[in-house]
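Here the structure is a predicted model, which means the values were calculated and not measured.
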Amino acid sequence: MMRYHNITKDDMLNGDGLRVVLWVAGCSHGCRECQNPITWDPNGGLPFTDSERAEIFAELDKDYISGITFSGGDPLHPSNIAEVTALAREIREKYPDKTIWLYTGSLWEEIQQYEIIHYLDVCVDGEFQVDKKEVLLKWKGSSNQRVIDVKASLRENRVVLYAE
């Protein structure tokens with residue numbers, strides 16, 4: 001069973017618009033000066049149950065909520081990917097007009113074949129690199145990371161960056 005650390009509501013920092021953010025437990029990247037090292041342990045946090053799923057759907061039911069962001073930890077960590085994929089699939093079917101963002105330390109080139117990619121609107125990829133940290137960057141912590149427009153990237157078979 002997947003574990004999580006927090007569900008943030010009315011978040012404006014982790015994607016476009018007002019969002020609900022699911023912070024999952026489990027990350028194998030171990031980026032130096034990570035802002036969330038507590039989330040590295042896949043056995044940390046709390047079990048993600050039907051109660052948390054209902055809490056997320058209650059947020060997505062609100063007209064003013066733009067969508068969900070999966071963060072962590074790493075939503076694509078082996079302990080998370082199956083449940084995050086299933087949840088993303090369910091959200092995409094139930095809320096076709098909401099956007100789905102996902103943060104991962106993995107690179108697009110490593111994950112573009114994953115099933116979950118087809119449910120995402122935006123993927124922020126790449127490990128946080130403290131020597132490339134810039135506080136003014138939007139939606140990412142270091143300049144090596146990419147904010148990727150997933151649908152355009154799949155359509156054009158190349159990385160297309162997301163622009164407001």
Note to self: Side chains of R53 and D50, heavy atoms from C-beta outward: is any pair under 4.5 Å?
What the structure shows: yes
Note to self: Parallel, tilted or perpendicular: which one describes the rings of F48 and Y4, with boundaries at 30° and 60°?
What the structure shows: perpendicular
Item checked: Flag for T104-D125: side-chain donor and acceptor within less than 3.5 Å -> no
Next item on the list: Ignoring hydrogens and angles, tell me if any N or O in the side chain of T69 forms a donor-acceptor pair with the backbone of N14 under 3.5 Å.
Entry: yes
Next item on the list: Please report the closest heavy-atom contact between K9 and E55, naming both atoms and the distance.
Entry: NZ-OE2, 2.9 Å
Note to self: Around atom CG of N157, are there more than 12 heavy atoms from other residues, nucleotides or ligands closer than 6.0 Å?
What the structure shows: no
Checklist line | D10 vs I65, side-chain contact (heavy atoms from CB on, under 4.5 Å): CA-CA, chis, key distance, verdict | finding: CA-CA 7 Å; D10 298 341; I65 295 296; 3.4 Å; yes
Notebook entry, point to check: With side chains defined as the heavy atoms from C-beta onward, is the minimum distance between I116 and L76 less than 4.5 Å?
Noted result: yes
Check: Please walk me through it: do K62 and V20 pass side-chain contact (heavy atoms from CB on, under 4.5 Å)?
Finding: CA-CA 11 Å; K62 299 173 181 172; V20 56; over 6 Å; no
Notebook entry, point to check: How many angstroms lie between atom OG of S66 and atom CG of D97, to the nearest 0.5 angstrom?
Noted result: 11.5 Å
Checklist line | Approximate separation, where rounding is to 0.5 Å, of R3 CZ and H77 NE2 | finding: 13.0 Å
Next item on the list: Kindly indicate whether the side chain of F70, heavy atoms from C-beta on, has any atom under 4.5 Å from the side chain of I100.
Entry: yes
Check: Any side-chain heavy atom of M1 sitting closer than 4.5 Å to one from E83?
Finding: yes
Note to self: If hydrophobic clusters are built by linking Ile, Leu, Val, Met, Phe, Trp and Tyr wherever their side-chain heavy atoms come under 4.5 Å apart, do L102 and L22 end up in the same one?
What the structure shows: yes
Margin query: Please give me the minimum heavy-atom distance between S106 and D74, naming the atom from each residue.
Written below: N-OD2, 4.1 Å
Check: With a 4.5 Å limit on heavy-atom distance, are the side chains of I68 and Y95 in contact?
Finding: no
Next item on the list: Check the hydrophobic clustering (I, L, V, M, F, W, Y; side-chain heavy atoms under 4.5 Å; chains of links allowed) and say if L87 and L60 are grouped together.
Entry: yes
Notebook entry, point to check: Are V21 and Y64 connected in a single hydrophobic cluster, I mean Ile/Leu/Val/Met/Phe/Trp/Tyr linked by side-chain heavy atoms less than 4.5 Å apart?
Noted result: no
Next item on the list: Please report the shortest heavy-atom distance between Y114 and E110, naming the atom on each side.
Entry: CE1-O, 3.7 Å
Margin query: So, taking the atom named CD in Q145 and the one named NZ in K132, what distance separates them when rounded to the nearest 0.5 Å?
Written below: 10.5 Å
Notebook entry, point to check: So, are K133 and E33 salt-bridged, with charged N and O less than 4.0 Å apart?
Noted result: no
Notebook entry, point to check: Shared ILVMFWY cluster between F128 and I38, side chains joined below 4.5 angstrom?
Noted result: no
Check: Would you call R92-D121 a salt bridge at under 4.0 Å N-O?
Finding: yes
Next item on the list: Enter the distance from E134:CD to S143:OG here, rounded to the nearest 0.5 Å.
Entry: 4.5 Å
Notebook entry, point to check: Out of curiosity, R89 CZ to E93 CD, how far, rounded to the nearest 0.5 Å?
Noted result: 7.0 Å
Notebook entry, point to check: What distance separates S79 OG from N43 CG, expressed to the nearest 0.5 Å?
Noted result: 7.5 Å
Notebook entry, point to check: Between W139 and V122, is any pair of side-chain heavy atoms under 4.5 Å apart?
Noted result: no
Item checked: Polar side-chain atom of D41 near backbone of A25 as donor-acceptor pair, under 3.5 Å -> no
Notebook entry, point to check: Does the side chain of K138 reach to within under 4.5 Å of the side chain of V147, using non-hydrogen atoms?
Noted result: no
Notebook entry, point to check: Do you know which two heavy atoms are closest between H5 and V24, and how far apart they sit?
Noted result: CD2-O, 4.3 Å
Checklist line | Residues V84, M2; criterion side-chain contact (heavy atoms from CB on, under 4.5 Å); working and verdict | finding: CA-CA 8 Å; V84 171; M2 181 170 74; 3.5 Å; yes
Item checked: Working for side-chain contact (heavy atoms from CB on, under 4.5 Å), residues Y119 and T85 -> CA-CA 8 Å; Y119 311 127; T85 299; 4.1 Å; yes
Margin query: Can you give me the closest heavy-atom contact between W108 and S153, atom names plus distance?
Written below: CZ2-CB, 3.8 Å
Next item on the list: Evaluate the side-chain proximity of T8 to W23: yes if any heavy-atom separation is below 4.5 Å, no if none is.
Entry: yes
Margin query: Between L13 and I148, is there shared hydrophobic-cluster membership here, with clusters defined by ILVMFWY side-chain heavy atoms closer than 4.5 Å?
Written below: no
Next item on the list: Looking only at non-hydrogen atoms, find the nearest pair between L107 and R146 and report the distance.
Entry: CD2-NH2, 4.2 Å
Notebook entry, point to check: For the side chain of N36 and the backbone of G72, is there at least one donor-acceptor N/O pair under 3.5 Å apart?
Noted result: yes
